[in-house]
Participant: 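Questions regarding the structure given below will be posed in turn.
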Amino acid sequence: MVSAEIKDLLYIAAIVAAVSGSHFMQRAKIMVLEERMKGYGKATDRIFESLRRIEEKLDEKADK
């Protein structure tokens, strides 16, 4: 009877460790994705800024 209780406690401890490890791994992946999204946002801002400058130059040439 005692060995079954110890076995159950070890089983529960293993489940808790696995679930908490999975939780922290998912949080780390989400943090990485958030940082990538910030990088993509900056890249698209640069692209739109370049396009805006090109459009202004074309407008100036069209006015001449």
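These numbers were taken from a predicted model, which means no experiment stands behind them.
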Participant: Provide the full list of side-chain hydrogen bond (donor to acceptor under 3.5 Å, both in side chains) pairs with a residue in residues 43-52, sequence neighbours left out, each pair given once.
Facilitator: E49-R52, R52-E56
Participant: Check residues 15-38 and write down every donor-acceptor pair under 3.5 Å in which the side-chain atom is one partner and the other belongs to a residue at least two apart or another chain.
Facilitator:
| from | atom 1 | to | atom 2 | distance (Å) |
| --- | --- | --- | --- | --- |
| S20 | OG | V16 | O | 3.1 |
| S20 | OG | A17 | O | 3.0 |

Participant: Who pairs with L58 by side-chain contact (heavy atoms from CB on, under 4.5 Å), at least two apart in sequence or on another chain?
Facilitator: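 With sequence neighbours excluded, L58 shows a side-chain contact (heavy atoms from CB on, under 4.5 Å) to I54, given in chain and number order.
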Participant: Going by side-chain heavy atoms closer than 4.5 Å, which hydrophobic residues are tied to L9, directly or by a chain of links?
Facilitator: none
Participant: Could you list the cluster mates of F48? Members are the ILVMFWY residues connected by side-chain heavy atoms closer than 4.5 Å, either directly or through other members.
Facilitator: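 Besides F48, the hydrophobic cluster comprises I47, L51, listed by chain and residue number.
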